[in-house]
Amino acid sequence: MPVKFEKKSDGTYMLDVCGYVCPHPQLYTKKSLEKMQTGEILEVIFDNPSSGETITQLCEASGHEILEKKKEGAKFIFKIKK
Amino acid sequence: MEEKRNYIWALGITFFLIVISFVYLQVNVFYVYLVAYIWFGFAYGMMLQYGRFCFASASRDLFAAGVPRMAVGVMIGLMFFSIMQAIISSIGLSTFHPAPFGLHMLISGIIFGLGMVLAGGCASGSLYKIGEGNMTNFIAVIFGLCLGQAIFVDIGGIFDKLIPQAWERSALAKGLPEYIIKDGWFDKYLAGYVWNQPTITLAETKLISSTFPGAWKYFIGNSLINTIIPATLLILLIYFTVYRKSYIKKAGRPSLGFGGELGGIWSMITASKRTSIMGVLIGITAGLHILAIGGLQRKFGVTNFGGLLQRMGYPQDTSLMGDVFDPGYWYITSQEAQFGAWLLEKLGWDMHDNIFFGINNGLPEPLRNPALWMSIGIILGAMVMARLSNEFALKWPKGELWLWGLLGGLLMGFGSRPSLGCNIGAFFIRIAGGDPNGWLYGAGMVIGAFIAVKFFTWWTERKMAKELESF
């Protein structure tokens, strides 16, 4: 199953992990943020509800800012600033 | 439109369970026992889904992401449940029974811990995630917990050679029917090893029962010493090793002082309110479940639903002891194994020639299996909650998820049988009931989860570097 990690524009990336269960969405999010530069933005799209809780706390613990949390149907979209 | 459809689904599922309950009660009043299991299952399912309450994430998210929410939630649930258990024990309505103590608990816990991380959910977590539409967990439950477990407890032949001679001799000396004991490694393991191990609850030890007479022994021994103190110490350990650093950074002060540290601990506990609140509610509900089943057993004058099945004319559902699997509390895995065995019997496999089904748990028809209905209740309760919050999405596994679901499910199945329980029956219930065995199993789960997290971290890095151009 393809995970999508794309550069949308300068300093903005998109990670699509829809269809993946725990712990993959949070692991991919963590690894993506580790690769990115401070100030860059990651848009994470996932549909595993419990990952949202973990990603939120992961960002709080690591000092990343969640700029936006959206829900489109059963999909969650988090915009995170590293 | 989507919201309206989900709302109709939620109402439809609830209505279906109400109708089912009335039908059972019309057929025979004894089925109120089974109906109680359905609705407690339903309540667990709703709470698990709302709280994102999965024991797999307790250690996994701690190691993989430095997130303590679920580990803290489990400890809170344990503390409240242990108080409930002590109250119920003190009024003589407890259905709790400790399990044989030994190293097998640690080993089983390691296997289970590996499995739950690979599958993406523990035993109860996998059930509630099926309710969210997650079919990877469905694969884990059907092939691992149902079929895998049933085969695991029944196979013999070459596997019998793995059993030490001493266990075999001890098993043969138990006087079990020859058709049961002659073939099957798990039978020899149970009768030759597990049954020889001691069972312990702290309240029943000489020291605790003589120092704290009457009901105090349950509150001091089982609740305070076996559960609340270790759970508090673990919360402190998690705070100081995982959470405190980021809390200090956020607070902007190099040292916090006693009040500040307490504030930090409280901040960690309330960081995920829905998980912590559900921890409290699950602990209380699990206690009420024991109370309800204990009350029904007293009302009907039985100690097991098998007694009621016999009165209703279904002796073929029960084991040689006249019992069926009826834990009397929240429990997963044995009922899934029964369902798997029931399916395999339909295909011609004799599943009555082993201790697990033939002597201990029976093989009731699924419609007369109270614990199986509890599992169905968990799935449907979670489905209702997921529908109400528009989080339901049918997700079929693709690619690697098939492998993780299958392998994880099998490991969970193999890791829950030698310990006579999973993250619920061998860990959560036992610790709160005063059985130190639960901590041994928990330690195993943490070790297994740690290994699986290391593997997944390596796998994820490798996959991202290999497949994702922008990475």
Side-chain angles (χ1 to χ4, degrees), chain A residues 1-37 40 42-65 70-76 80, chain B residues 2 49 51-54 56-57 60-61 64-70 117 119-121 125 128-129 132-134 136-137 242-243 245-247 249-250 271-272 274-275 386 389-401 404-405 452-453 456-457 459-461 463-464 467-471:
Chain A
M1 177 167 21
V3 173
K4 287 185 205 142
F5 182 78
E6 291 167 7
K7 191 170 185 174
K8 286 178 78 177
S9 60
D10 272 355
T12 305
Y13 294 87
M14 185 275 294
L15 173 70
D16 185 342
V17 274
C18 285
Y20 272 84
V21 295
C22 287
H24 305 283
Q26 45 264 51
L27 270 177
Y28 279 109
T29 304
K30 187 181 179 219
K31 290 290 157 198
S32 302
L33 286 165
E34 279 172 7
K35 281 278 172 182
M36 290 163 52
Q37 303 295 315
E40 289 183 328
L42 178 69
E43 191 177 277
V44 189
I45 307 168
F46 58 98
D47 56 4
N48 182 51
S50 54
S51 294
E53 210 67 10
T54 306
I55 291 170
T56 302
Q57 284 210 4
L58 164 72
C59 290
E60 276 176 21
S62 313
H64 308 313
E65 190 186 351
K70 266 194 309 189
K71 204 159 168 284
E72 285 178 7
K75 284 185 184 174
F76 298 82
I80 304 164
Chain B
E2 183 71 20
Q49 202 281 334
R52 282 75 163 100
F53 211 92
C54 175
S57 72
R60 182 197 63 211
D61 288 352
V67 170
R69 71 163 183 102
M70 196 58 243
V117 172
Y128 99 65
K129 287 175 183 187
E132 289 177 344
N134 194 325
T136 303
N137 293 106
V242 178
Y243 192 80
K245 199 174 158 191
S246 64
Y247 182 72
K249 203 172 164 188
K250 256 191 288 179
S272 174
R274 62 163 67 202
T275 301
S389 42
N390 295 309
E391 290 175 348
F392 180 88
L394 196 61
K395 299 179 281 272
W396 286 99
K398 291 175 196 161
E400 66 186 281
L401 290 186
W404 305 140
V453 163
F456 263 152
T457 305
W459 177 268
T460 306
E461 276 174 4
K463 196 172 166 187
M464 288 185 92
E467 295 176 19
L468 307 178
E469 267 180 41
S470 303
F471 189 70

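Numbered from 1 within each chain, the chains take letters A, B, ... in sequence-line order. None of the values given here were measured: they were computed from a predicted structure.
Of the residues considered (B:Gly121, B:Gly51, B:Ala65), B:Ala65 shows the highest number of contacts with chain A, using heavy-atom pairs under 4.5 Å. Per-residue heavy-atom pair counts under 4.5 Å with chain B were compared for A:Glu53, A:His24, A:Glu34, A:Met36, and the maximum is reached by A:Glu53.
For chain A, the nearby parts of B:Phe456 are the backbone and the side chain; heavy atoms of each come within less than 4.5 Å. When heavy atoms are compared at a cutoff of 4.5 Å, A:Lys71 approaches chain B solely by way of its side chain, counted from C-beta outward. Neither the backbone nor the side chain of B:Ser57 comes within less than 4.5 Å of any heavy atom in chain A. Residue B:Ser272 touches chain A through both its backbone and its side chain, counting heavy-atom pairs closer than 4.5 Å. For A:Gln26, the part lying near chain B is the side chain, with the backbone staying farther off; criterion is any non-hydrogen pair under 4.5 Å. Of the two parts of B:Glu132, only the side chain, counted from C-beta on, holds a non-hydrogen atom closer than 4.5 Å to a non-hydrogen atom of chain A. Using a 4.5 Å cut-off between heavy atoms, B:Lys129 touches chain A through its side chain atoms alone. For B:Asn134, the part lying near chain A is the side chain, with the backbone staying farther off; criterion is any non-hydrogen pair under 4.5 Å.
The aromatic ring centroids of A:Phe46 and A:Tyr20 lie 6.0 Å or more from each other.
Partners of B:Ala56 under the side chain to side chain contact (heavy atoms under 4.5 Å, CB included) rule, at least two apart in sequence or in another chain, are B:Cys54, B:Arg60, B:Met116, B:Cys122. The side chain to side chain contact (heavy atoms under 4.5 Å, CB included) search around A:Thr56 returns A:Glu60, A:Ile66, A:Lys69, A:Phe78, not counting sequence neighbours.
Two residues are said to be in side-chain contact when any heavy atoms from C-beta on lie closer than 4.5 Å; B:Trp459 and B:Trp404 meet this criterion. Contact of the A:Lys75 side chain with the A:Lys70 side chain is not registered, since no non-hydrogen atoms from C-beta on lie closer than 4.5 Å. Counting heavy atoms from C-beta outward, A:Ile45 and A:Leu15 have side chains that stay 4.5 Å or more apart.
A distance-only check finds a donor-acceptor pair linking the side chain of B:Lys395 to the backbone of A:Asp47 [under 3.5 Å].
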